[in-house]
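In what follows, a single structure is set out as structure tokens and then discussed.
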Amino acid sequence: MRTSRRADQIAQLKTRRQEIAARAKDADKRVADRLRQLQTHETRAERKRETRRKIIIGAIVRAAQKANADISLDWLDEQIRALKRPDDRALFGLDGEPSADASEADRTGPATARPAPPATSRQKKLLAKLVEEHPELAREFGVDPDEPELEKLGKAKATSLIRAMLDRVNAQAPSGER
């Protein structure tokens, strides 16, 4: 009986070994499938990031073309460094907020570009009204309320000045007046 008992134990151990090997094979297959899924997900995510980079660069170049600007790689690098959205900055390997130099970069083109289009009459009227109603803000933004020289402002500069002044006026107004 001893031999049959040992034979049974050997048979049970062989069966158990086969079951463990089958479970290990299944686990290995699940791990390999999960690894493939993660690699596929990462590949798709990288393609999306690359597409977003191309869109951003295309938008920068297109805006410069509309402003008849001369485009150089240094100028394009400057524009990329001036990006504001953290997600967009991360796409190009940039951290945090744009530097003071980059945020002051002319978004319409490099220094050798043609002059920016002049401010529209509507912008000039709105700016004149803002300067008249808020002379202290105008001084803060570098506009002399006595001699505003709005004729010399370009369209982009006028737009940014209007936005900045309106933001400040809205921030100063009590919540019931907005």
Side-chain angles (χ1 to χ4, degrees), residues 38 40-178:
L38 290 172
T40 300
H41 177 76
E42 183 55 31
T43 300
R44 286 181 181 162
E46 180 52 35
R47 278 198 314 260
K48 286 180 181 181
R49 288 189 294 267
E50 182 61 24
T51 299
R52 179 72 182 153
R53 279 190 282 270
K54 290 175 183 177
I55 289 169
I56 291 168
I57 290 172
I60 290 170
V61 170
R62 187 73 182 117
Q65 286 175 334
K66 283 184 178 180
N68 297 321
D70 294 327
I71 300 169
S72 70
L73 290 179
D74 290 336
W75 173 82
L76 183 60
D77 184 55
E78 189 178 290
Q79 300 306 306
I80 290 170
R81 291 185 187 290
L83 290 171
K84 303 238 184 298
R85 289 181 54 199
D87 293 349
D88 291 345
R89 292 181 60 74
L91 288 172
F92 293 96
L94 303 172
D95 296 337
E97 296 296 315
S99 68
D101 295 337
S103 62
E104 292 175 12
D106 180 14
R107 303 296 291 189
T108 60
T112 59
R114 294 182 191 164
T120 64
S121 60
R122 184 176 179 192
Q123 287 176 318
K124 291 174 190 173
K125 287 177 187 174
L126 181 55
L127 265 174
K129 184 176 178 183
L130 283 168
V131 168
E132 182 181 327
E133 291 177 2
H134 306 281
E136 69 288 344
L137 275 180
R139 282 188 195 93
E140 265 185 61
F141 289 105
V143 177
D144 183 3
D146 300 324
E147 298 175 28
E149 298 183 22
L150 300 178
E151 299 300 320
K152 294 181 181 178
L153 286 178
K155 193 172 186 175
K157 178 71 175 174
T159 300
S160 62
L161 190 58
I162 290 169
R163 284 185 183 153
M165 288 184 74
L166 286 176
D167 287 346
R168 187 70 69 83
V169 168
N170 288 336
Q172 290 175 352
S175 59
E177 291 182 22
R178 288 186 204 167

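Note that this is a predicted model, so its numbers are computed, not measured.
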Tell me every residue that passes salt bridge (charged side-chain N to carboxylate O under 4.0 Å, His left out) with [X], counting only those two or more places apart in sequence or in another chain.
X   : result
D77 : R81
R85 : D88
R49 : E42, E46

List in chain and number order the residues that pass side-chain hydrogen bond (donor to acceptor under 3.5 Å, both in side chains) with [X], two or more places apart in sequence or in another chain; answer none if no residue qualifies.
X    : result
K124 : E151
E132 : none
E133 : none

Exercise. Please walk me through it: do L94 and I80 pass side-chain contact (heavy atoms from CB on, under 4.5 Å)?
Worked result: CA-CA 9 Å; L94 303 172; I80 290 170; 4.2 Å; yes
Straight-line distance of [X] [atom1] to [Y] [atom2], nearest 0.5 Å:
X    : Y    : atom1 : atom2 : value
I56  : T51  : CD1   : OG1   : 11.0 Å
L83  : L91  : CG    : CG    : 9.0 Å
L127 : R122 : CG    : CZ    : 12.5 Å
F92  : I57  : CZ    : CD1   : 4.0 Å

Exercise. Just wondering, more than 12 heavy atoms not from L73 lying within 6.0 Å of its CG?
Worked result: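 Not buried by this count: 12 neighbours or fewer within 6.0 Å.
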Problem set entry | pair R52-K48: side-chain heavy atoms closer than 4.5 Å |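 No, their side chains stay 4.5 Å or more apart.
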For this session: Could you pull out the closest heavy-atom pair between Q79 and I60, with the gap in Å?
Result: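 Taking every non-hydrogen atom into account, CB-CG2, 3.7 Å.
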